[in-house]
Amino acid sequence: MDTYQDIEKSIITKSRKGLWRPFCKALKDYELIKPDEKVMVLISMGKESFLLCKCVEEIIRHGDFGFDAYYVYIDNGDEENLKYVEDMCDVLHVDVKIIKDNEYDYSIDKIIEYGKGLSCTKIALSDIYDDVLEMSMINILYAGKTMTLMPKEYIDDMEIIRPLYLVEDDDIDTWVKRHNLSFKEDSYLRRDYKEERSKMKKLIYEMGKNNPFIRKNIYKTMCNVNLNCILEYIEDDKNISFLDNYKGEE
């Protein structure tokens with residue numbers, strides 16, 4: 001296993017195209033972090049959350065403005081998981097803050113509560129591009145809705161941000177394998193819709209064999225929405241039909 005300095009450096013060198021650039025693009029395009037803010041970065045055991053920690057460290061060192069970050073793991077009493085997180089933080093040189101809560105159930109309400117307790121203005125979760133694609137497809141095929149994960153959202157007086165929004169799983173795996181790292185499965189972000197996520201991942205992969213633009217096009221469907229060609233949409237909890245603004249022949 002390489003030193004933490006080598007692991008950090010590769011994010012902005014060898015993995016610059018796959019990791020660093022999309023991370024920085026998401027920060028800029030979606031205005032995720034502003035100067036002097038306090039951000040709680042949630043560690044949830046998976047490779048994505050540890051990568052997020054390192055990317056945030058790097059942007060603090062090399063970015064255009066300063067902000068504070070707290071790297072937090074919420075310990076619900078599972079000693080094996082706690083040791084794993086502590087060991088990985090030692091390997092990656094992450095200054096982790098352990099919050100003990102035996103009743104922690106991975107709920108967003110609890111996470112927000114601890115973020116507020118640290119006087120943070122934002123909480124950074126480690127959802128990635130693949131999560132965006134899979135949730136888009138799940139909503140369409142299983143829920144009959146056109147919606148997806150958002151780069152940021154406001155919940156209970158706290159802004160939730162997703163800085164890895166444009167980072168792809170394959171590029172993370174390349175980084176992981178390059179440095180012989182070993183991570184557990186994410187304990188928080190990917191616990192819901194596991195079966196559906198697995199099916200969507202396989203479906204997207206199979207479609208991509210014949211069309212290399214499938215992944216990009218799924219993402220673009222959440223950007224290129226023409227409301228003039230939608231039967232009905234929801235705005236502020238109100239259903240708006242195309243008939244509401246239909247002019248027809250005059």
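All of these numbers come straight from a predicted model, not from anything done at the bench.
Lys54 places a side-chain N or O within donor-acceptor distance of the main-chain N or O of Leu92, the cut-off being under 3.5 Å. In this structure a side-chain-to-backbone donor-acceptor pair under 3.5 Å is present from Arg16 to Ile12. Between the Asn211 side chain and the Gly208 main chain, no donor and acceptor come within less than 3.5 Å of each other. Judged by distance alone, the side chain of Ser198 and the main-chain N or O of Lys194 form no donor-acceptor pair under 3.5 Å.
For Lys209, the side chain to side chain contact (heavy atoms under 4.5 Å, CB included) test picks out Tyr205, Glu206, with sequence neighbours left out. Scored by the salt bridge (Lys or Arg N to Asp or Glu O under 4.0 Å) test, Glu195 finds Lys199 as partners (sequence neighbours excluded). By the salt bridge (Lys or Arg N to Asp or Glu O under 4.0 Å) test, Asp87 is found to be paired with Lys83, residues two or more places apart in sequence or in another chain being considered. Residues satisfying the salt bridge (Lys or Arg N to Asp or Glu O under 4.0 Å) criterion with Lys100, sequence neighbours excluded, are Asp75. Scored by the ring-ring contact (aromatic ring centres under 6.0 Å, His included) test, Tyr71 finds no partners at all (sequence neighbours excluded). For Phe65, there are no ring-ring contact (aromatic ring centres under 6.0 Å, His included) partners at least two apart in sequence or on another chain. Remark: Asp90 pairs with no residue by the salt bridge (Lys or Arg N to Asp or Glu O under 4.0 Å) rule, at least two apart or across chains.
Scanning both residues, Asn102 and Gly77, for their nearest heavy atoms gives OD1-CA, 3.5 Å. Heavy-atom minimum distance, Ile99 versus Tyr114: CG2-CE2, 3.5 Å. Here the shortest heavy-atom pairing between Ile59 and Trp20 reads N-CH2, 3.5 Å. For the pair Tyr70 and Cys120, the tightest heavy-atom approach, listed with the atom from each and the gap, is CD1-SG, 3.6 Å. In terms of heavy-atom proximity, Ser49 sits nearest to Ser44 at OG-N, 3.2 Å. Between Ser126 and Asp131, the shortest heavy-atom distance links the atoms O-OD2, 4.5 Å.
How far CG of Leu133 is from NZ of Lys216: 12.0 Å, rounded to the nearest 0.5 Å. Atom OG1 of residue Thr3 and atom CG of residue Asp6 lie 3.5 Å apart, to the nearest 0.5 angstrom. In this structure, CD1 in Ile11 is found 8.5 Å from CD in Glu57, a value given to the nearest 0.5 Å. Rounded to the nearest 0.5 angstrom, Asn228 CG and Asn245 CG are separated by 9.0 Å. Atoms CE and CD1, on Met158 and Ile155 in that order, are 10.5 Å from each other to the nearest 0.5 Å. Atom CG of Leu164 and atom CG of Asp171 lie 11.5 Å apart (nearest 0.5 Å).
For residues 65-74, the set of pairs meeting the salt bridge (Lys or Arg N to Asp or Glu O under 4.0 Å) definition, not counting sequence neighbours, is empty. Listed by first then second residue, pairs satisfying salt bridge (Lys or Arg N to Asp or Glu O under 4.0 Å) with a partner in residues 107-117 read Asp101-Lys110, Lys116-Asp156, not counting sequence neighbours.
The 12-atom threshold is not exceeded at CD of Glu79, counting heavy atoms of other residues, nucleotides or ligands nearer than 6.0 Å. Within a 6.0 Å sphere centred on CG of Asp64, heavy atoms belonging to other residues, nucleotides or ligands number 12 at most.
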Tell me, with the steps shown, if Met45 and Glu185 meet side-chain contact (heavy atoms from CB on, under 4.5 Å). CA-CA 7 Å; Met45 298 205 302; Glu185 184 179 358; over 6 Å; no

Phe67 vs Val56, test: side-chain contact (heavy atoms from CB on, under 4.5 Å). Steps then yes/no. CA-CA 10 Å; Phe67 64 94; Val56 170; 3.9 Å; yes

side-chain contact (heavy atoms from CB on, under 4.5 Å) between Tyr165 and Asp127: does it pass, once the steps are laid out? CA-CA 6 Å; Tyr165 198 79; Asp127 298 279; 5.9 Å; no

Check the pair Glu58 / Lys9 against side-chain contact (heavy atoms from CB on, under 4.5 Å), numbers first and verdict last. CA-CA 9 Å; Glu58 288 299 309; Lys9 185 178 180 180; over 6 Å; no

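Taking the six-membered ring wherever Trp is involved, the centroid distance between the rings of Tyr129 and Tyr219 falls below 6.0 Å.
Between Lys184 and Glu80, at least one side-chain N (NZ, or NE/NH1/NH2) sits under 4.0 Å from a carboxylate O, which counts as a salt bridge. Ion pairing between Lys47 and Asp169 holds under the 4.0 Å rule for side-chain N and carboxylate O.
Residues Ser10 and Trp175 have side chains in contact (heavy-atom distance under 4.5 Å, counting atoms from C-beta outward). Counting only heavy atoms from C-beta outward, the side chains of Ile123 and Glu159 never approach each other to under 4.5 Å. Within the 4.5 Å cutoff, no side-chain heavy atoms of Val96 are placed close to those of Val72. Taking 4.5 Å as the limit, every side-chain heavy atom of Glu103 sits out of range of all side-chain heavy atoms of Asn76. Side-chain contact between Ile161 and Pro163 is present, with at least one heavy-atom pair separated by less than 4.5 Å. Side-chain contact between Phe50 and Met88 is present, with at least one heavy-atom pair separated by less than 4.5 Å.
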Donor-acceptor list for residues 34-43 side chains, cut-off 3.5 Å, not counting sequence neighbours:
from	atom 1	to	atom 2	distance (Å)
Glu37	OE1	Lys34	N	2.8
Glu37	OE1	Lys122	NZ	3.0

Please table the atom pairs, donor to acceptor, closer than 3.5 Å between any side-chain atom in residues 230-243 and protein atoms at least two apart or in another chain.
from	atom 1	to	atom 2	distance (Å)
Glu232	OE2	Asn239	ND2	2.8
Ser241	OG	Leu243	N	3.0

Donor-acceptor contacts, no H, no angles, side chain residues 135-153, under 3.5 Å, sequence neighbours left out:
from	atom 1	to	atom 2	distance (Å)
Ser136	OG	Val132	O	2.7
Ser136	OG	Thr148	OG1	2.7
Asn139	ND2	Met135	O	3.0
Asn139	ND2	Met147	O	3.0
Thr148	OG1	Val132	O	3.1
Lys152	NZ	Tyr30	O	3.1
Lys152	NZ	Glu31	O	3.1
Glu153	OE2	Arg162	NH1	2.8
Glu153	OE2	Arg162	NH2	3.0

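In terms of hydrophobic clustering, with Ile, Leu, Val, Met, Phe, Trp and Tyr side chains grouped at heavy-atom distances under 4.5 Å, Leu52 and Tyr4 are assigned to different clusters.
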